[in-house]
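Below is one structure; the comments refer to it alone.
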Amino acid sequence: MATLIVDDKEIDVPGEYTLLQACEEAGAEIPRFCYHERLSIAGNCRMCLVEVVGAPKPVASCAQQVRDLRPGRDGEPPAINTKTPLVKKAREGVMEFLLINHPLDCPICDQGGECDLQDQSMGYGIDTSRYKENKRAVEEKYMGPLVKTVMTRCIQCTRCVRFAAEIAGVEEIGAIGRGEDMEITTYLEKSLESELSGNVIDLCPVGALTSKPYAFTARPWELRKTETIDAMDAVGSNIRVDCRGREVMRILPRLHEEINEEWITDKTRFIWDGLRTQRLDRPYVRKDGRLQPCSWTEAFEMIASKIKSAKPERVGAIAGDLVCVESMMALRDLMEKLGSPNLDCRQEGSLISNEQRANYLFNTTIQGLEDADAVLLVGTNPRVEAPLVNARLRKLYLRAQARIGAIGPQTDLRYDVEWLGEGPQTLQEIADGTHEFAEVLRSAKRPVIILGMGALEREDGQAIMHLAAQAAAKFGVVSGASEDGDAGWNCLNVLHTAASRVGGLDLGFLPGDGGMTTHDMVSAFQSGNLDVLYLLGADELPLSRSASTFIVYQGSHGDRGASIADVILPGAAYTEKNALWVNTEGRVQLGRRAAFPPGEAKEDWAIVRALSEHVGAKLEYDSLAQIRNALLKANEIFASIDYAPGADTAGTFDLEKVGQAGPIDGSPFVYPIRDFYLTNPIARASKTMAECSALSAEALAQAAE
Amino acid sequence: MSVRRLAKEQPTEFSFSPENLAWAEKQVAKYPDGKQASAIIPLLWCAQKQNAGWVSEPAMRYLAEMLDMAYIRVYEVATFYTMFNLAPLGKYHVQLCGTTPCWLRGADELKAVCEEKIGPKGTTSADGMFTWTEVECLGACCNAPMVQINDDYFEDLTKETLGAFLDDLRSGRAPKPGSATGRTSSEPFGGPSTLTDPNLYDKSAAAPVDFAGRTAPSEGGSDASG
């Protein structure tokens, strides 16, 4: 620890703190543009100048460390002033320089109202400029369909350059030219090829990089902000949904160190135009082969008549990727009351059991990955399945503290990976200890094994899981907290791809005794042995229209599920309901309603509740509070909001019971996500996502040449 | 300085000639493993020499792949340094120094000559022989005003001498580099004014000195540890 005096206040901070951090610790406010906690230090905007007593001129506080300060003449601690006339003059001078070439187009700038430059020039600048010369103008640069550029506004802080190179792992943005003519661009104006590219919009302290789809649509002060949870992947990023009236205008990240830090993926950020199109806004029934609008009562009566006339074991229900815990709870209870054991939330077709909770969770936790020293990826491409988990892995790689090995077809993960093999036999070799990577895992203190859906949704998924658990037992560490203060470590992880999956498993939305799994239901459907199939937001199944099975589709978008349905019940999208989500770590999070569902659409649990009355199996909850109470009775984990168990459950985790020993198939893993931008019905309804998808397909084709 | 852009028309590909490739590999070998990118400036320079005085876009990609760098990083370096030309030039690149000492000694007159014989600043003459640009100090201030033509310095110029040099080059004759007034390096006009004593050059000053009777150690003597 080092002692120093900031504005006459004596504080102790670690020596490796920068002066800027020390000043913040002391409560002094330091303006900055180029400095960002999560990026490397550039020190080029000069806005953070402070006075170090005894130094001949002001010092850029972001770029000097406390331990480099010298004590005073008589050994007194070094002193920093942030409020003296010298500092004020320095800031005014820097601000005047920054504004020499910055256009006065705030009234037409999308950053207006939430602009660092605007705020700081109000706070630290002067009211005029001594420069009468013409302002420099810079040509616009193309950066793809997501990021709009107005490069004349750029103040060359290089945050975007550093973000692309450091966090996203794509060296695509750079600064060309020099001096006044320095310009930020991509190589020959190629579009950005990162799943995290949208974050440069948040990072840009001025209006140089703004959101292209959001351009000229709204002002920040007229938006209603709702803090909620993302459902695009199983990471459960914390987001803020900004609405004007009933329309979602944009989606921004919220800070959550343990999950998404302050980043979100492009799919999370730009999905919002999909929330407006292809919406199911009223119930439909199929009459004479065509779907026709109808009333809620008509739809319910139709379903009730079909369900009542069918044998319970010929009724099935499958929950999709975007559904919330409450709606699964309601449907589970309804199926139970109807006496049908055929329900499954594992739409992808895996057979993960919920016998032990740690069995299906990302037990290391996302933040916990930062402590790992060896990582084995099995059948997962985290770059598209969970880009923010991938960003953590890249962080690990940059610190050069872990060896990262992967089993699966080679792909670019944005960091160097040792490709060990393509199929499960490599995992077998590692579990047997004959593979050289086994030694890496054995010698690692905190190894991590990540199983992706590419490994688990296969027919031999359970055998692969068993193998991984054996490897974990042999080389890994699965231990609870110990008395010497060690928090414990659980190295076995499942990386889910669907926001609903862990919630469904927690709830037990799984086949009952003798019940059919997703796979069984699909084959029963195809052989005509299913009378009623209830699809709760399930769109990714290989089904087509059938005369023998009556399909009920409940969901928010007219996608694959709705096109084959006999009755459509319009539900709410993830931004339109107060609901619980459980992320891949097993962290229960509370989503809040940002806007109301369109037309006659309703919250999903309420639809099931209303239907239950028509089929004569009335559910016992009438309000959200009541269903939440029922949820807590079903599984008390739903009470622990924002708690990820991590290694807490490691003490009772029985690795022998993970998966099922069995023969493995030698075929290589196939990653579950082929197109990152089109994984769910909302994304498929989004024009922006379609554009991104086309561009990335083009880039892939070019790379293949 | 002005905004620098890549030429619109670019060759389809670039690769080093065998000699240049061997030279480039030697440059790269100077740096530790994983730091090959440090060799980018000499390699860009070499690529520029091979490509008639300018760096083409395929050359940037070629070097990026050679040094395992991102394309944008090479692009940044090439656009940062004005010594890398991003568009084709004439056969002779005339870099005219316009910084204060040269300017005081008549750089403006030289500019007028260039404008007359070549064309406006930054352009290539119609016959493709010359491109002239104004540059900052080239470090030959004692011999101001001066220009650099390709690799050679031409110093102590007047509008007449520069005009004659350009005419020579145009008609295929090679003017002699260095001072146009014939002085050796940067000695004063009219010959040297100091160090003129001929004894300085007869090696007498280098003879062994007798320090009060003791003879200084002779060459290759006992003081080998030195």
Side-chain angles (χ1 to χ4, degrees), chain A residues 40 42 44 101 133-144 149 151-152 154 156 158 160-194 197 200 397-398 400 412 414-416 699 702-703 705, chain B residues 1-14 32-38 40-41 44-45 47-48 54-87 98-99 121-122 133-137:
Chain A
S40 62
N44 53 10
N101 281 318
E133 289 80 5
N134 283 336
K135 285 176 189 271
R136 162 215 65 165
V138 182
E139 291 159 25
E140 274 11 324
K141 305 282 186 287
Y142 176 75
M143 285 199 188
T149 67
M151 280 314 188
T152 304
C154 177
Q156 286 93 27
T158 68
C160 51
V161 178
R162 284 173 283 147
F163 174 84
E166 292 161 20
I167 311 279
V170 287
E171 285 194 81
E172 285 184 342
I173 312 183
I176 60 162
R178 62 167 138 145
E180 191 180 37
D181 300 308
M182 181 170 154
E183 296 177 356
I184 301 289
T185 184
T186 53
Y187 187 72
L188 306 182
E189 306 202 16
K190 251 177 72 214
S191 80
L192 292 172
E193 263 176 44
S194 167
S197 66
V200 299
Y397 160 79
L398 283 182
D412 179 9
R414 309 301 191 205
Y415 43 85
D416 292 338
Q702 264 178 11
E705 266 172 27
Chain B
M1 279 291 293
S2 58
V3 176
R4 303 171 77 229
R5 293 272 183 263
L6 298 187
K8 285 238 157 52
E9 280 177 33
Q10 296 279 352
T12 49
E13 55 185 41
F14 176 90
D33 243 9
K35 306 281 180 195
Q36 299 89 338
S38 303
I40 187 61
I41 289 181
L44 272 171
W45 185 244
Q48 169 157 313
W54 67 291
V55 180
S56 63
E57 190 270 326
M60 290 184 209
R61 279 187 283 129
Y62 175 78
L63 294 181
E65 269 149 34
M66 188 170 183
L67 300 177
D68 200 16
M69 295 167 78
Y71 295 165
I72 185 79
R73 296 282 103 90
V74 180
Y75 188 33
E76 284 178 330
V77 174
T79 53
F80 185 94
Y81 294 104
T82 47
M83 70 186 200
F84 297 122
N85 300 306
L86 303 177
T99 309
K121 181 160 74 181
T133 49
E134 183 178 338
V135 295
E136 301 307 324
C137 184

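When reading the values below, keep in mind they use all heavy atoms of this one structure, side chains included, and skip hydrogens, waters and symmetry mates. These figures come from a predicted structure and were not determined experimentally.
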Can you say whether E183(A) sits under 4.5 Å from chain B via the side chain, the backbone, both, or neither, judging by heavy atoms?
side chain

Minimum heavy-atom distance between E76(B) and G174(A), given as atom pair plus value:
OE2-CA, 3.0 Å

Which atoms of T185(A) approach chain B - backbone, side chain, both or neither, heavy atom under 4.5 Å:
both

Would you say K35(B) has more than 12 foreign heavy atoms packed within less than 6.0 Å of its NZ?
no

Between CZ of R5(B) and CD of E139(A), what distance do you get to the nearest 0.5 Å?
4.0 Å

Where do Y187(A) and E57(B) come nearest, in terms of heavy atoms and distance?
OH-OE2, 2.6 Å

I need the I72(B) CD1 to T186(A) OG1 distance, nearest 0.5 Å.
6.5 Å

How long is the straight-line distance from CG of L6(B) back to CG of L188(A), given to the nearest 0.5 Å?
6.0 Å

Are any non-hydrogen side-chain atoms of Y71(B) and K190(A) less than 4.5 angstrom apart?
no

